[in-house]
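For reference, the structure I am asking about is given below.
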Amino acid sequence: MTTVGPDWLVETDYRLVRWHDVIEVFGGRSIGSRISVGILAFLDFVLAGTLWRYLQANWRYALFFLYPFVTFGLLIAAAFLIGVAAFKITGSIPIATGGGLFGLAAVLAGPWRWLHLGDLFDDWIFSCEYIRFGNSKIEQRLDRLAAELVVAATNSAADEILVVGHSLGAVLAVDLLDRALKLDPALGRKKIPVTFLSVGSSILKIGLHPKAVRFRRTVERVVNSRAIFWGDYQALTDVLNFYKCRPMAEMGLSTENEATVRVVKISRMLNDDMYQRIRFNFFRVHCQFVSGNDRRTSYDYFMLTCGPISAKSQTLAPDGAVSMIAEDGGLIAGAPVSESELLGSPDAAA
């Protein structure tokens with residue numbers, strides 16, 4: 001992609017890492033299997049003490065964890081009450097049983113889909129399996145991508161390599177960087193700096209589980225490399241991320257080289273009417289981290305990925321690129337940006 005301003009031009013090689021096919025395998029299972037395995041995953045997180053850790057770190061995320069399972073339980077209870085009501089009215093066990101089964105069928109045909117309960121069950125099933133056993137398909141894909149990343153860091157003419165992980169993708173991004181570092185321990189130390197941004201991150205979703213020892217070691221190795229800058233963007237109104245949390249500290253890891261945490265306000269990214277329309281659509285709010293803004297503000301996904309200022313510089317600046325980019329899109333003279341951080345001279349590549 002090529003982006004231009006009055007006095008800059010940036011070429012970005014943008015690569016989207018997709019893994020929807022892995023989740024779709026879970027969605028392809030029978031509904032009975034998804035429900036039973038999902039409940040087992042729920043119990044795994046509860047009995048391991050992870051729910052309690054969620055409550056301590058961010059109670060909003062704990063509510064998000066409980067939402068699909070509690071909602072499903074309430075719907076099943078409603079179906080049962082239909083059966084009880086039918087029995088009280090008719091005194092017939094077969095009719096009561098039929099009423100209960102009808103209520104269950106209605107739940108699975110309607111609210112199960114409308115409330116995204118199936119997708120959320122699959123999400124927690126995947127997370128549980130990733131923590132305890134890994135996922136061979138994901139691992140093979142990350143190995144291939146890590147090799148591509150190392151080649152790009154060695155042979156490309158880029159000014160910056162930026163790895164962005166959104167939501168649970170932030171977990172996979174850490175895994176990817178760790179694999180790349182194993183192939184090239186000098187990654188990020190050579191001519192091309194490497195920046196990692198976790199946005200609306202679910203790193204603590206995995207990292208707070210007591211059995212996620214392998215993942216916490218992965219995070220440690222990436223952070224301890226010191227050559228990869230890590231910025232972590234969080235927002236209060238996004239209930240699917242851990243707001244005002246220091247990832248390393250929450251996982252009980254050394255904070256000597258922890259992430260640079262930036263708290264942003266999604267309401268400032270959008271026009272008032274748009275924000276009012278989406279503010280209670282939690283999935284849409286969550287996706288604003290990878291969507292276009294209506295307003296200039298400290299967090300701008302497309303400015304970070306395609307703009308003339310390095311993502312590291314934008315993360316370190318209190319107001320992102322706002323002080324560095326004029327209203328007309330031109331670079332502001334005297335902006336606090338070093339030559340190495342300026343990606344936008346004509347014909348530069350990012």
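In this chain, numbering begins with 1 at the start of the sequence shown.
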Taking the side chain as every heavy atom from C-beta outward, state whether Phe65 and Phe45 have any pair of such atoms under 4.5 Å apart.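 SC-SC contact between Phe65 and Phe45 confirmed.
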
Examine Arg214 relative to Tyr130 and say whether NZ or CZ is less than 6.0 Å from the centre of the six-membered ring and inside a 45° cone about the ring axis.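 That pair qualifies as a cation-pi contact.
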
Table please: side-chain donor-acceptor pairs of residues 96-117 below 3.5 Å, with sequence neighbours left out.
residue : atom : partner : partner atom : Å
Thr97   : OG1  : Ile93   : O            : 2.9
Arg113  : NE   : Ala109  : O            : 2.9
Arg113  : NH2  : Ala109  : O            : 2.5

Under 3.5 Å donor-acceptor, Ser36 side chain and Ser33 backbone: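 Present.
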
Test side chain to side chain donor-acceptor pair (under 3.5 Å) applied to Arg284 and Gln288, step by step: CA-CA 6 Å; Arg284 173 61 183 84; Gln288 185 57 41; 3.0 Å; yes

Do Lys211 and Asp44 sit within salt-bridge range, that is, some charged N less than 4.0 Å from a carboxylate O?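 No salt bridge links Lys211 with Asp44.
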
Give, for atom CG of Leu172 and atom CG of Leu177, the distance between the pair rounded to the nearest 0.5 Å.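 Those atoms lie 11.0 Å apart.
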
Any idea which heavy atoms bring Val10 and Pro308 closest together, and the distance?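 Shortest heavy-atom separation between Val10 and Pro308 comes out as CG2-CA, 3.7 Å.
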
Do the side chain of Asn58 and the main chain of Tyr243 share a donor and acceptor less than 3.5 angstrom apart?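 A pair under 3.5 Å: yes.
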
How long is the gap from OG1 on Thr154 to CD1 on Ile192, to the nearest 0.5 Å?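 Going from OG1 on Thr154 over to CD1 on Ile192, the span is 7.5 Å.
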
Val70 vs Phe42, test: side-chain contact (heavy atoms from CB on, under 4.5 Å). Steps then yes/no. CA-CA 10 Å; Val70 171; Phe42 169 77; 5.9 Å; no

So, Asn241 side chain and Asp238 main chain: donor-acceptor pair closer than 3.5 Å or not?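 Pair found, side chain donor or acceptor close to backbone of Asp238.
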
Check Asp122 with Arg34, please: is the shortest side-chain N to carboxylate O separation under 4.0 Å?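 Salt bridge present between Arg34 and Asp122.
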
Asp21: partners by side-chain hydrogen bond (donor to acceptor under 3.5 Å, both in side chains), with sequence neighbours left out: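 Residues passing side-chain hydrogen bond (donor to acceptor under 3.5 Å, both in side chains) with Asp21: Lys137, Arg141.
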
If you take all heavy atoms of Gly207 and Ala212, which pair is closest and at what distance?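 Closest approach of Gly207 to Ala212, heavy atoms only: CA-CB, 4.5 Å.
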
Check whether any side-chain heavy atom of Lys244 sits under 4.5 Å from a side-chain heavy atom of Val263, and report yes or no.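 Yes. Closest side-chain heavy atoms under 4.5 Å.
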
Can you tell me if Arg189 uses its side chain to pair, donor with acceptor, with the backbone of Ala227 under 3.5 Å?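 No.
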
Check: Phe229 main-chain N/O paired with Thr195 side-chain donor or acceptor under 3.5 Å: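 No.
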
Is there a donor-acceptor contact under 3.5 Å from the side chain of Glu258 to the main chain of Ala249?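 Checking the backbone N and O of Ala249 against the side chain of Glu258, no donor-acceptor pair under 3.5 Å is found.
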
Using the six-membered ring of Trp124, assess whether NZ or CZ of Lys205 lies under 6.0 Å from its centre and within 45 degrees of the ring axis.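 Yes, Lys205 sits over the ring of Trp124.
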
So, do Phe64 and Tyr61 have ring centers that fall under 6.0 Å from each other?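 Here the rings of Tyr61 and Phe64 have centres that are less than 6.0 Å from each other.
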
Is any NZ, NE, NH1 or NH2 atom of the basic residue among Glu250 and Arg53 found under 4.0 Å from an Asp or Glu carboxylate oxygen of the other?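 The answer is no: the pair does not qualify as a salt bridge.
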
Is it the case that one hydrophobic cluster holds both Val174 and Val17, taking links as side-chain heavy atoms less than 4.5 Å apart, direct or via other members?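 Yes, same cluster.
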
Is Arg29 salt-bridged to Glu24, cutoff N-O under 4.0 Å?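 Salt bridge flag = no for Glu24 with Arg29.
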
Exercise: identify the closest heavy-atom pair between Val222 and Leu181: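 Looks like CA-CD1, 3.9 Å.
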
Walk me through whether Arg295 and Asp272 qualify under salt bridge (charged side-chain N to carboxylate O under 4.0 Å, His left out). CA-CA 10 Å; Arg295 298 174 173 177; Asp272 292 338; 3.1 Å; yes

Asn224: what forms a side-chain hydrogen bond (donor to acceptor under 3.5 Å, both in side chains) with it, not counting sequence neighbours?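 For Asn224 there are no side-chain hydrogen bond (donor to acceptor under 3.5 Å, both in side chains) partners, ignoring immediate neighbours.
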
Side chain to side chain donor-acceptor pair (under 3.5 Å) for Ser198 and Asp232? Distances and angles first, verdict last. CA-CA 5 Å; Ser198 50; Asp232 185 54; 2.5 Å; yes

Tell me if a side-chain donor or acceptor on Asp319 pairs with a main-chain N or O of Val322 at a distance below 3.5 Å.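 Pair absent, no side-chain N/O of Asp319 close to backbone of Val322.
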
Any non-hydrogen side-chain atom of Phe215 less than 4.5 Å from a side-chain atom of Val219?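 In short, these two side chains touch, coming nearer than 4.5 Å.
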
I want to check something: taking the side chain as every heavy atom from C-beta on, are His286 and His166 in contact at a cut-off of under 4.5 Å?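 Yes, side chains in contact.
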
Given the rule that I, L, V, M, F, W and Y join up when any side-chain heavy atoms are under 4.5 Å apart, are Val261 and Leu208 in one cluster?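 The answer is no; the residues belong to distinct hydrophobic clusters.
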
Which residues satisfy the side-chain hydrogen bond (donor to acceptor under 3.5 Å, both in side chains) test with Glu220, sequence neighbours excluded?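 Applying side-chain hydrogen bond (donor to acceptor under 3.5 Å, both in side chains) to Glu220 gives none.
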
Are Trp8 and Thr3 side-chain neighbours, meaning at least one heavy-atom pair lies under 4.5 Å?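 Touching, per the 4.5 Å side-chain cut-off.
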
Should Leu40 and Ile125 be regarded as members of a common hydrophobic cluster, given that ILVMFWY residues are connected when their side-chain heavy atoms come within less than 4.5 Å of each other, either directly or indirectly?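 No, Leu40 does not connect to Ile125 through the hydrophobic network.
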
Is there a side-chain contact between Leu331 and Ile309, using heavy atoms and a 4.5 Å cut-off?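 A side-chain contact exists here, since the closest heavy-atom pair is under 4.5 Å.
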
Suppose we call two aromatic rings close when their centres sit under 6.0 Å apart. Are Phe126 and Trp19 close by that rule?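 Aromatic pair counts; centres sit under 6.0 Å.
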
Taking NZ, NE, NH1 and NH2 as the nitrogens, is one of them in Asp175 or Arg179 under 4.0 Å from a carboxylate oxygen of the other?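 Yes, this pair counts.
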
Apply the hydrophobic cluster definition, ILVMFWY joined by side-chain contacts under 4.5 Å directly or through others, and give me every member besides Leu183.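 Same cluster as Leu183: Val150.
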
Looking at Arg279 and Ser267, would you say the former's side chain and the latter's main chain have a donor-acceptor pair under 3.5 Å?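 Not a single qualifying donor-acceptor pair exists.
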
Can you tell me how far apart CG (Asp123) and OG (Ser167) are? Round to the nearest 0.5 Å.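 One gets 7.0 Å once the value is rounded to the nearest 0.5 Å.
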
Looking at Arg216 and Pro210, what are the two nearest heavy atoms and their distance?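 Closest approach of Arg216 to Pro210: NH2-O, 3.0 Å.
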
Taking atom CZ as the centre, does Arg221 end up with more than 12 heavy-atom neighbours from other residues, nucleotides or ligands that are less than 6.0 angstrom away?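 Atom CZ in Arg221 is packed in, count exceeds 12.
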
Of all heavy-atom pairs between Ala326 and Arg296, which one has the smallest distance, and what is that distance?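 Shortest heavy-atom separation between Ala326 and Arg296 comes out as O-NH1, 3.3 Å.
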
Would you mind reporting whether Ile203 and Met251 have side-chain heavy atoms less than 4.5 Å apart?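 Met251 vs Ile203: side chains touch.
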
Can you measure from CG (Leu204) to CZ (Arg246) and round to the nearest 0.5 angstrom?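 It comes to 12.0 Å.
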
Could you state the interatomic distance from CG (Leu236) to CD (Gln234), rounded to the nearest 0.5 Å?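 These two atoms lie 11.0 Å from each other.
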
Using modelled atom types only, decide if a donor and an acceptor are shared between the side chain of Glu139 and the backbone of Gly134 within a distance under 3.5 Å.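 Checking the backbone N and O of Gly134 against the side chain of Glu139, no donor-acceptor pair under 3.5 Å is found.
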
Are Ile206 and Leu168 side-chain neighbours, meaning at least one heavy-atom pair lies under 4.5 Å?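 Answer yes - side chains close enough.
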
Hydrophobic clusters join Ile, Leu, Val, Met, Phe, Trp and Tyr when side-chain heavy atoms are under 4.5 Å apart, directly or via other members; which others share one with Tyr301?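 Result for Tyr301 is Met1, Tyr14, Leu16, Leu162, Val164, Leu197, Val199, Tyr233, Val264, Ile266, Met269, Leu270, Met274, Tyr275, Ile278, Val285, Phe289, Val290, Tyr299, Phe302, Leu304.
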
Worked verdict on Ser310 versus Ser313 for side chain to side chain donor-acceptor pair (under 3.5 Å): CA-CA 5 Å; Ser310 73; Ser313 296; 2.8 Å; yes

Would you find more than 12 non-hydrogen atoms of other residues, nucleotides or ligands less than 6.0 Å from Tyr67 atom OH?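 Yes.
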
If you round to the nearest 0.5 Å, how far is CH2 of Trp230 from CZ of Arg226?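 Between Arg226 CZ and Trp230 CH2, I get 15.0 Å after rounding to 0.5 Å.
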
Where is the tightest heavy-atom contact between Ser298 and Pro318, given as atom of each residue plus distance?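 Heavy-atom minimum between the residues: CB-O, 4.0 Å.
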
Ring-ring centroid check Phe69 Phe121, cutoff 6.0 Å: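 Yes, ring centres under 6.0 Å apart.
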
